[in-house]
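So the structure is just underneath, and the comments pick up after that.
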Amino acid sequence: MRIAAVGALVAFAVAPVGAADLETFNRRFEDATMRIDVHHAGSAAEESVTLDRVVREGAWPGSRIHLVDPFNTGNYLAEIRDAASGDLLFSRGFDSYFGEYKTTGPADRGVRRTYHETVRCPFPRAKIRFVLKVRQRDRTLAPLFEAEIDPAAVTVSREALLPGVRTVPVLSNGDPHGRVDLAIVGEGYTTGQVATFERDARRVADILFAAEPFASRKGDFNVTGVLLPSAESGCDEPSHGVWRSTAVGASFDSLGSERYMLTEENRAVHDIAAHVPYDLVMIMVNHTRYGGGGIYNFFSTFTSNNQWTPYVLVHELGHAFAGLADEYYTSSVAYNEFYPTGVEPTEPNITALLDPSALKWRALLAPGTAVPTPWEKADFDAMDLAYQRVREEINGRIARAKRGGAPAAEVEKLEQESERLSREHAARVDAYLARSAFAARVGAFEGAGYASRGLYRSSLDCMMFTKGNKPFCPVCRRAIERVIDHHGEGVR
């Protein structure tokens, strides 16, 4: 069918902070941060949460007027409610490492795992009910865990900050309450590499703010580097037989995917980041290999010195900051039905297109655009799947060579070949998509969210679809800007 654009895009309203807003905030909260740490355990069939600890940290870095999450994104929702009245004081949607684990093969087979997670909120003046909700298969939210927390309890930790942490001012644009505060946490930088970390932190900030919409909204951000020097450089690479003693335990091969790099040492991440005001942690790993990860309102990771570092940095921040979905579908992943069949995803940039007349980005469609939108999918799939087989083969050769103790020159030659093939394939993909009759058009293109069929993305190409120096599509850009607005207070 064909759909015409139905009205102008409505701006996300941001009212300036006023005396009434601050009076409400100050009545309910102190200008400090409550950090709630939990253990999240289970398998695909069941999950449970237990409280680990509650910590009082420094000043609250977030908005004092936008306290309730309006986005309906993420597989989990944290709520802070007044214990006496039940009033909702604060909420935040998020995804988690456990939430990804439960979609994997081992979880399907009943293997239980435990992960550590953190929720941060303004420090309440009175007792609260801390509520965690989880999305069901139909994407509705159901209660998962609830606990009463007394902010005056002697069990609330007020420990001194972790010693030995260095901070590096990178970008300062004013009051953290009205800015997005990013903490670049260094991983795998030794004491002798502190200057390298400082240069890398400033360089990646320059990369980030050269990309839209971050470039246009640079004044809405503060960025600080945070480093606890590691005993060794780099990070773990289990499939390569490489293990390193590092500050936050970052590792390739997360969830069985060779390029996926996360950490299970969540407490260490937040203990280090606590030295600065932060809304989101970006973990920068001192490594030359291609890889990274991003989990919504959890953290993002990227390596500091790969040819694709600019792409990975921005792409993974799209996940972690705005809850954007991956739009690719030909690369292998560890997940099984990450998006349930026949259910509309909550992510803003993909759709199951169950009702084409209610397309979530219909306001951005040009008149006369067909929905679903035809494109040269068969030829693209053949080209990309052929490369994925080549990539898998050479990555296997690299892993076997390193585990087998092959000479460094042999390993380096294989790694250079892998990087060359990656670069050449990306150039072919860019040229192919640029020739399409549907390039630069907003529509509904089948193939997204790790699924070749049944899920659709809004543009033929985007930062969330293929590798390279390219923009976010209009739908992703709009989603990012809405989150930036939510962090603000309307004061400039």
N/O donor-acceptor pair under 3.5 Å between Ser254 side chain and Leu262 backbone = yes
Taking every heavy atom of Asn75 against every heavy atom of Asp95, the minimum-distance pair comes out as N-OD1, 2.6 Å
Nearest heavy-atom neighbours spanning Met464 and Cys476 | CG-SG, 3.9 Å
Examine His315 together with Phe302 and report whether their ring centres are nearer than 6.0 Å.
-> no
Would Arg477 and Asn349 count as having a side-chain donor-acceptor pair, cut-off 3.5 Å?
-> no
Can you list, pair by pair, the side-chain donor-acceptor contacts under 3.5 Å of residues 201-208, counting residues two or more places apart and other chains?
| from | atom 1 | to | atom 2 | distance (Å) |
| --- | --- | --- | --- | --- |
| Arg203 | NH1 | Ser304 | O | 3.2 |
| Arg203 | NH2 | Asp200 | OD1 | 2.9 |
| Arg203 | NH2 | Ser304 | O | 2.9 |
| Arg203 | NH2 | Asn305 | OD1 | 3.2 |

Just do the side-chain hydrogen bond (donor to acceptor under 3.5 Å, both in side chains) check on Ser172 and Asn222 with the steps written out, would you?
-> CA-CA 5 Å; Ser172 300; Asn222 295 322; 5.2 Å; no
Does Phe197 offer a backbone N or O that forms a donor-acceptor pair with the side chain of Gln193 under 3.5 Å?
-> no
Apply the test ring-ring contact (aromatic ring centres under 6.0 Å, His included) to residues Tyr450 and Phe338: give CA-CA distance (whole Å), side-chain angles for both, the deciding distance (0.1 Å), then the verdict.
-> CA-CA 8 Å; Tyr450 322 124; Phe338 195 84; 5.6 Å; yes
For this output row, return yes or no: ring centroids of His287 and Tyr189 closer than 6.0 angstrom.
-> no
When you look at Arg179 and Asp279, which way does the salt bridge (charged side-chain N to carboxylate O under 4.0 Å, His left out) test go after all the steps?
-> CA-CA 9 Å; Arg179 303 295 184 276; Asp279 296 306; over 6 Å; no
Do the ring centers of Tyr296 and Phe321 come within less than 6.0 Å of each other?
-> no
Non-hydrogen atoms of Met34 and Pro124 that approach each other most closely | CE-CD, 3.6 Å
Donor-acceptor under 3.5 Å (Arg158 side chain, Val156 main chain) = yes
Begin with the C-alpha distance, continue with both residues' side-chain angles, and end with the deciding distance and a verdict on side chain to side chain contact (heavy atoms under 4.5 Å, CB included) for Val223 and Ile184.
-> CA-CA 7 Å; Val223 183; Ile184 301 177; 3.6 Å; yes
For the pair Asp181 and Arg120, find out whether any cationic side-chain nitrogen is under 4.0 Å from an anionic carboxylate oxygen.
-> no
Donor + acceptor pair across side chains of His319, Asp326 (<3.5 Å) = yes
Please name the residue in the list Tyr97, Tyr115, Tyr76 that meets the ring pair (Phe, Tyr, Trp, His ring centres under 6.0 Å) test with His40.
-> Tyr76
Are the side chain of Asn72 and the backbone of Thr346 linked by a donor-acceptor contact shorter than 3.5 Å?
-> no
Heavy atoms, side chains only, cut-off 4.5 Å: are Val226 and Tyr278 in contact?
-> no
Glu264 vs Arg113, salt bridge (charged side-chain N to carboxylate O under 4.0 Å, His left out): CA-CA, chis, key distance, verdict = CA-CA 11 Å; Glu264 297 185 24; Arg113 289 289 312 277; 2.7 Å; yes
Spatial distance of atom CZ (Arg27) from atom CG (Leu89) [nearest 0.5 Å] = 10.0 Å
Pair Arg244 + Glu237: basic N to acidic O under 4.0 Å = no
Pairing of Glu344 and Lys360 as salt bridge, 4.0 angstrom limit = yes
Mark yes when over 12 heavy atoms from residues, nucleotides or ligands other than Lys470 sit less than 6.0 Å from its NZ; otherwise mark no.
-> yes
Taking the side chain as every heavy atom from C-beta outward, state whether Glu79 and Leu88 have any pair of such atoms under 4.5 Å apart.
-> yes
Any chance you could lay out the side chain to side chain contact (heavy atoms under 4.5 Å, CB included) test for Ile272 and Val248, step after step, and finish with the verdict?
-> CA-CA 9 Å; Ile272 294 168; Val248 300; 3.6 Å; yes
With no hydrogens and no angle check, is any side-chain donor or acceptor of Asp108 less than 3.5 Å from a backbone partner on Ala44?
-> no
Classify the side-chain pair Thr246/Glu187 by whether it contains a donor and acceptor separated by less than 3.5 Å.
-> yes
Would Tyr290 and Glu258 count as having a side-chain donor-acceptor pair, cut-off 3.5 Å?
-> no
Does the Glu481 side chain pair with the main chain of Arg478, one donor and one acceptor, at a distance under 3.5 Å?
-> no
Is a side-chain donor or acceptor of Thr140 paired with a backbone partner of Asp138 at a separation under 3.5 angstrom?
-> no
Side chain Asn173, main chain Phe221, donor-acceptor under 3.5 Å = yes
Under 4.0 Å between a Lys/Arg side-chain N and an Asp/Glu carboxylate O for Arg35 and Asp37?
-> yes
Report yes or no: is the cationic atom of Arg289 (NZ for Lys, CZ for Arg) under 6.0 Å from the centre of the six-membered ring of Phe252, at an angle within 45° of the ring normal?
-> yes
With sequence neighbours left out, write down each residue that passes side chain to side chain donor-acceptor pair (under 3.5 Å) with Asp253, or none if nothing qualifies.
-> Ser239
Kindly say whether Leu162 contributes a backbone atom to a donor-acceptor pair with the side chain of His275 at under 3.5 angstrom?
-> yes
Stepwise, does the ring-ring contact (aromatic ring centres under 6.0 Å, His included) test hold for His487 with His66?
-> CA-CA 7 Å; His487 281 269; His66 300 139; 9.3 Å; no
Electrostatic pair Arg125:Asp82 at N-O distance under 4.0 angstrom = no
Please assess Asp69 against His486 for the test side-chain hydrogen bond (donor to acceptor under 3.5 Å, both in side chains), listing each intermediate value before the final yes or no.
-> CA-CA 9 Å; Asp69 192 322; His486 184 68; 5.6 Å; no
Shortest non-hydrogen pair, Ser459 vs Cys473, comes out as OG-CB, 3.3 Å
Pairing of Arg137 and Glu337 as salt bridge, 4.0 angstrom limit = yes
Closest heavy-atom contact between Ala210 and Ala215?
-> C-CB, 4.2 Å
Any side-chain heavy-atom pair of Phe214 and Phe209 under 4.5 Å = yes
Is it the case that Thr288 and Asn306 place a side-chain donor and acceptor less than 3.5 Å from each other?
-> no
Run the salt-bridge test on Arg112 and Glu46 with the 4.0 Å N-O cut-off and return the result as yes or no.
-> yes
Correct closest heavy-atom pair for Gly105 and Asn336 would be N-ND2, 3.3 Å
Six-ring centre of Phe465, Arg457 cation under 6.0 angstrom, axis tolerance 45° | yes
Is there a donor-acceptor contact under 3.5 Å linking the side chains of Tyr311 and Asn469?
-> no
Has the side chain of Gln136 got a donor or acceptor atom that lies under 3.5 Å from a matching backbone atom of Val134?
-> yes
Compute whether any side-chain donor of one residue and acceptor of the other, for Asn266 and Thr118, lie under 3.5 angstrom apart.
-> yes
